[in-house]
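Okay, structure first, notes after.
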Amino acid sequence: MAGPSDDPGGEPRPGDQAPAGTPGTEEVVCPECQGKGELMGKPCLACNGTGMVNRNPDSEAPEPMG
């Protein structure tokens with residue numbers, strides 16, 4: 001049985017600009033880890049290790065988290 005931490009894709013991620021499915025946003029490659037899902041061998045905090053975040057495609061540059 002999978003726990004909530006086994007599938008972080010359904011949970012809000014710190015790097016999201018809006019909740020999943022919000023009109024005008026789309027899931028894009030995480031700017032912090034470039035889609036790898038990890039930084040220095042640890043899960044990326046911006047995307048919760050998924051490699052993707054929800055962003056407004058019209059925004060010019062994503063704000064770095066750290």
Side-chain angles (χ1 to χ4, degrees):
M1 178 192 263
S5 63
D6 294 333
D7 182 20
E11 296 294 318
R13 297 165 290 214
D16 288 346
Q17 288 183 338
T22 301
T25 63
E26 63 185 3
E27 194 169 47
V28 298
V29 173
C30 176
E32 295 294 315
C33 66
Q34 286 76 46
K36 295 175 187 166
E38 62 179 48
L39 292 170
M40 295 184 280
K42 297 184 179 183
C44 176
L45 297 177
C47 64
N48 284 345
T50 65
M52 303 296 285
V53 293
N54 291 316
R55 294 288 169 126
N56 181 342
D58 296 332
S59 64
E60 292 192 18
E63 294 180 28
M65 292 195 58

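Both backbone and side-chain heavy atoms feed into the values below; hydrogens, waters and symmetry mates do not.
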Taking atom CG of L45 and atom SG of C30, what is their separation to the nearest 0.5 Å? 9.5 Å
Do the side chains of P31 and V53 get nearer than 4.5 Å, heavy atoms only? yes
How long is the gap from CD on E27 to CZ on R13, to the nearest 0.5 Å? 4.5 Å
Reported CD-to-SG distance for the pair Q34 and C47, which is rounded to 0.5 angstrom: 10.0 Å
Testing the basics here: between G37 and C33, what is the closest heavy-atom pair and its distance to 0.1 Å? N-SG, 3.1 Å
Do M52 and V29 touch side chain to side chain, with heavy atoms closer than 4.5 Å? yes
Intermediate values then yes/no, side-chain contact (heavy atoms from CB on, under 4.5 Å), C44 and E38: CA-CA 4 Å; C44 176; E38 62 179 48; 5.6 Å; no
Going by chain and number, the hydrophobic cluster around L39 (ILVMFWY, side chain to side chain under 4.5 Å) further includes none
